[in-house]
Engineer: 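Quick one: this structure, given as structure tokens, is what I'll be asking you about.
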Number of protein chains: 2
Amino acid sequence: MNLTEAKKQFIQTWGTLGSEWGINRTMAQVHALLLISPNALCTEDIMEQLNVSRGNANMNLRELMNWTLINKELVPGDRKEYFVAEKDIWEIARIIARERKRREIEPVLKVLNGLKEVEGDQSDKELKAFTETINNLSNFVGKMDKSVDMMLKADENWFFGTILKMIK
Amino acid sequence: MNLTEAKKQFIQTWGTLGSEWGINRTMAQVHALLLISPNALCTEDIMEQLNVSRGNANMNLRELMNWTLINKELVPGDRKEYFVAEKDIWEIARIIARERKRREIEPVLKVLNGLKEVEGDQSDKELKAFTETINNLSNFVGKMDKSVDMMLKADENWFFGTILKMIK
DNA sequence: TTAAACTTTCAATTATTTCTGAAAGTTTAT
DNA sequence: ATAAACTTTCAGAAATAATTGAAAGTTTAA
């Protein structure tokens with residue numbers, strides 16, 4: 001397989017994976033494109049290589065900046081903005097974990113903890129089932145949350161080393 | 001807060017989380033409803049409690065069965081099918097991990113490994129960047145995959161115990 | 001200033017996903 | 001056999017999400 005074909009396939013695959021995980025397909029594709037680019041790209045490059053409009057390119061670049069997955073890079077003597085992706089995969093994983101924790105896990109945990117306060121007849125079967133599920137879930141999601149905190153502090157080798165040692 | 005209100009909020013929250021993670025909102029809501037139900041529910045119950053059509057209820061129940069997150073339960077003397085959810089949160093987490101691994105991680109890993117074979121001029125900057133990213137990514141995704149395997153075999157307490165011990 | 005170069009916005013359009021509900025299919029009891 | 005009870009299917013409708021592109025906004029150089 002040649003490079004052009006391989007790039008195309010990678011960008012397409014990454015886009016599909018993104019949308020299966022609730023991330024805008026184009027955002028994932030822009031990210032993929034920048035991940036494999038040896039040098040910074042400008043909006044025009046992205047529009048051209050992915051066949052998307054200026055508005056779409058701009059919006060997804062902005063969103064990737066929000067996630068801190070990409071950075072602006074200034075090219076001396078050029079007014080355009082260029083973009084580069086963070087290339088370290090472990091760092092990328094941490095960024096994504098951090099953001100999803102903040103945007104999704106933490107709010108859910110808050111709701112679950114609030115739902116522990118539900119009042120009513122303690123001998124009611126419905127209430128008992130509800131309370132038990134909420135307690136188990138909030139306990140579990142709490143541990144997930146802590147695990148992400150752990151990962152955010154950890155070194156890649158230690159992290160995988162610990163998890164993988166049992167099946168090495 | 002009373003039980004009725006709390007249930008509503010839980011179902012709504014779980015549905016939102018589901019769609020943020022690429023799972024159909026209604027499927028997540030049906031799952032949530034069954035998770036907090038002390039007894040098995042039939043299609044009618046679900047249609048009524050979630051205000052969805054028969055077709056929608058049926059399709060999502062079927063899909064939850066595919067995931068093995070719920071099971072049919074037969075009530076003697078009743079021709080209707082009733083459904084119960086697996087209640088053990090660790091077991092649920094493993095089911096979801098297993099299914100997402102199979103449906104999403106494994107196919108991507110296959111593509112990434114295929115993309116290592118790309119041919120071309122080894123001194124080309126573009127090719128070098130591409131190859132390096134693909135190698136790093138396939139290495140990382142491979143470790144993720146193995147970690148999921150590990151989790152699938154592990155006991156909940158051991159798993160979280162190991163991960164959490166550093167920040168306890 | 002001002003005009004060219006560039007970025008951002010957003011209303012309208014297009015694409016994608018999900019949902020509905022009635023019809024078709026299946027199973028069971030008699 | 002047949003009819004009632006129940007489940008599944010699927011074409012069209014509705015809802016949601018993503019995209020376009022032109023206009024408005026901003027920055028910079030001269």
Engineer: Rounded at 0.5 Å granularity, tell me how far CG in A:Leu3 sits from CG in B:Asp124.
Structural biologist: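 Here the interatomic distance stands at 6.5 Å.
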Engineer: Go nucleotide by nucleotide along DNA chain C from the 5' end; which of A:Ser19 and A:Arg79 gets its closest nucleotide reached first?
Structural biologist: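 With A:Ser19 and A:Arg79 compared, the 5'-side residue is A:Arg79.
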Engineer: What does B:Arg62 touch in the nucleic acid at a heavy-atom separation under 4.0 angstrom: a base, only the sugar-phosphate, or nothing?
Structural biologist: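 Sugar-phosphate: the residue B:Arg62, judged by heavy atoms under 4.0 Å, touches backbone atoms but no base.
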Engineer: Round to the nearest Å and state the distance from B:Glu63 atom CD to D:dT9 atom C1'.
Structural biologist: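 Rounding to the nearest Å, CD of B:Glu63 and C1' of D:dT9 are 15 Å apart.
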Engineer: Given a cutoff of under 4.5 Å between side-chain heavy atoms of I, L, V, M, F, W and Y, with clusters grown through shared members, what are the other residues clustered with B:Val75?
Structural biologist: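 B:Tyr82, listed by chain and number.
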Engineer: Any side-chain donor paired with an acceptor under 3.5 Å for A:Thr16 and A:Gln12?
Structural biologist: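 A pair is found: one side chain offers a donor N or O, the other an acceptor, under 3.5 Å apart.
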Engineer: Earliest and latest nucleotide of DNA chain C, 5' to 3', sitting under 4.0 Å from a non-hydrogen atom of chain B?
Structural biologist: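 That gives a stretch of C:dT18 to C:dT28.
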Engineer: For A:Lys80 and D:dT27, give me the distance from atom NZ to atom P, rounded to whole Å.
Structural biologist: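 For the pair A:Lys80 NZ and D:dT27 P, the rounded distance is 18 Å.
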Engineer: Parallel, tilted or perpendicular: which one describes the rings of B:Phe160 and A:Phe140, with boundaries at 30° and 60°?
Structural biologist: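 Perpendicular: the ring planes of B:Phe160 and A:Phe140 meet at over 60°.
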Engineer: Mind calculating the distance between CE (A:Met47) and C1' (D:dG21) to the nearest angstrom?
Structural biologist: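 Distance check: A:Met47 CE to D:dG21 C1' gives 9 Å.
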Engineer: Rounded to the nearest 0.5 Å, what separates atom CG in A:Leu64 from atom CZ in A:Phe83?
Structural biologist: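 Answer rounded to 0.5 Å: 9.5 Å.
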Engineer: How long is the gap from NZ on B:Lys101 to CE on B:Met151, to the nearest 0.5 Å?
Structural biologist: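 Those atoms lie 12.0 Å apart.
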Engineer: What is the distance from CG of B:Asn58 to P of D:dC10, rounded to the nearest Å?
Structural biologist: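 Rounding to the nearest Å, CG of B:Asn58 and P of D:dC10 are 12 Å apart.
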Engineer: With sugar-phosphate meaning primed atoms plus P, OP1 and OP2, does A:Arg54 contact a base, only sugar-phosphate, or nothing at under 4.0 Å between heavy atoms?
Structural biologist: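 A:Arg54: base contact, heavy atoms under 4.0 Å.
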Engineer: B:Met59 has an atom CE; how far is it from atom C1' of D:dA11, in whole Å?
Structural biologist: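 Value for this atom pair: 12 Å.
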Engineer: Starting at CD1 of A:Ile23 and ending at C1' of D:dA18, how long is that distance when rounded to a whole Å?
Structural biologist: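 Interatomic distance, CD1 of A:Ile23 to C1' of D:dA18: 15 Å.
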